Novice: 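Right, I'll just put the structure down here and ask away after.
Each ligand, and each atom within it, is numbered from 1 in the order the structure gives. Throughout, residue positions are numbered sequentially from 1 according to the sequence presented. In this text the structure is predicted, and so the values were computed from the model without any measurement. These values consider heavy atoms only, across backbone and side chains, with no hydrogens, waters or symmetry-generated copies.
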Amino acid sequence: MDTASENGTEPNILLSYADNAPEHTILFIHGYPLSSVMWAPQLDGLAGVAYCVAPDLRGFGESGTPGGAVSMADYADDCIALLDDLELDDPVVVCGLSMGGYVALELQRRHPDRVAALILASTKAGADSDEAKAGRDKAARAARDEGPEAVAATMLPKMLAAASYAEDPDLVADVNEIMRQASVEGIVGALGAMRDRIDSTPLLGAIDVPTLVIHGRDDTLMPIAEGEKLAAGIPDAHFLVVDDAGHLVNLEQEDVFNQAVFEFLAVLSGSQAED
Ligand code: MLT
């Protein structure tokens, strides 16, 4: 990762220097109803490998909530505005989990020049069925009437593999805590954005950046067949199935997830060097 460069100085001396600026930036986009906190093991484990940026989407974590309807386009544009503020003008690796994957696909559609590669975890390309849309509206009513705690209680058992849920009380408590901290506006906004998102299936064949699709084998919230379909639709995508993991594969198998990202970045560096 170290680079050696030369820099012009006065009078006409070229100084060579080494630095450890990471070659890649990864934009991590969280799922629903979570926050950037879900990426803590990646920010920690990949710190020496990539510059990692993990926003809280509007209405989640510490981010503000402008109120009103939200769309996937809003989330994607918010991410680009953040990259602009950070002066990260070069294309970045975009890693999204579940709803974060919907945002990643929207980023690819709206801002392909900002995407160097995609990591799509526990997600899918298709839009909501009519039944799923009705479920979003029901969940939004529950969030308004009963608060984020009720949403968290409903979601919690589905977020993790049955074994993680039964055997890892600390992880269960951590995930519950992240979800309970979501604002009602954030939850309702995300439910509307997911309900109204467009079908990204037609986009898949045109994705021309390296793509890694990751799915937990025991994901009950997002069936593994969705990950298979997603990977099959994207030219040359690599599909990784992770054992002993459910929906939150990056938390349930953080080492496997980080190693997969590490290897993906290495391949990316190789292919960029060839260009
Ligand atoms: C998520 O985990 O981000 C959401 O549950 C995805 C969805 O509901 O479609």
Side-chain angles (χ1 to χ4, degrees), residues 27-39 42 54-61 63 70-72 74-76 78-79 94-107 118-143 148 150-161 164-165 171-172 174-183 186-201 213-216 218-227 229-230 242 245-252 257:
L27 175 72
F28 286 101
I29 310 176
H30 64 80
Y32 162 90
L34 298 155
S35 76
S36 60
V37 174
M38 68 161 279
W39 296 115
Q42 282 63 54
D56 290 328
L57 296 174
R58 56 170 82 184
F60 293 97
S63 286
V70 183
S71 66
M72 287 299 151
D74 291 328
Y75 289 142
D78 287 348
C79 290
V94 180
C95 174
L97 184 139
S98 202
M99 182 178 80
Y102 308 156
V103 179
L105 289 169
E106 190 64 31
L107 259 164
L118 287 166
I119 302 172
L120 301 169
S122 317
T123 194
K124 65 179 175 185
D128 272 9
S129 63
D130 288 344
E131 189 189 348
K133 284 180 200 281
R136 304 288 190 198
D137 292 337
K138 190 170 162 211
R141 282 194 297 276
V151 174
T154 310
M155 295 288 293
L156 191 56
K158 298 185 259 180
M159 295 302 249
L160 302 169
S164 313
Y165 191 69
L171 179 60
V172 173
D174 287 350
V175 172
N176 193 32
E177 193 50 33
I178 302 173
M179 292 196 291
R180 283 164 51 94
Q181 284 177 5
S183 69
I187 290 172
V188 171
L191 287 164
M194 290 193 286
R195 179 196 59 205
D196 298 337
R197 75 186 190 281
I198 62 171
D199 182 2
S200 290
T201 310
V213 176
I214 304 182
H215 219 99
D218 307 322
D219 190 339
T220 50
L221 189 57
M222 187 73 68
I224 198 166
E226 295 291 355
K229 247 194 298 179
L230 178 62
V242 179
H247 195 54
L248 296 182
V249 54
N250 70 303
L251 290 174
E252 294 176 78
F257 192 96

Novice: Using a distance-only test with no angle check, is there a side-chain donor-acceptor pair under 3.5 angstrom linking His215 and Ser122?
Specialist: no
Novice: List the atom of Phe60, the atom of Leu34, and the distance in Å for their closest heavy-atom pair.
Specialist: CD2-O, 3.3 Å
Novice: Checking Asp130 now: which residues fulfil side-chain hydrogen bond (donor to acceptor under 3.5 Å, both in side chains) with it, not counting sequence neighbours?
Specialist: none
Novice: For ligand 1, what are the residues with a heavy-atom contact below 4.0 Å?
Specialist: Gly31, Tyr32, Ser98, Met99, Tyr102, Arg136, Met155, Met194, Leu221, His247
Novice: Could you pull out all residues at least two apart from Ser164 that satisfy side-chain hydrogen bond (donor to acceptor under 3.5 Å, both in side chains)?
Specialist: Glu252
Novice: Which pair of non-hydrogen atoms, one from Val213 and one from Gly227, has the smallest distance, and what is that distance?
Specialist: CG1-O, 3.7 Å
Novice: Return the set of residues passing side-chain hydrogen bond (donor to acceptor under 3.5 Å, both in side chains) with Gln42 (not counting sequence neighbours), or none when no residue passes.
Specialist: Asn250, Asn258
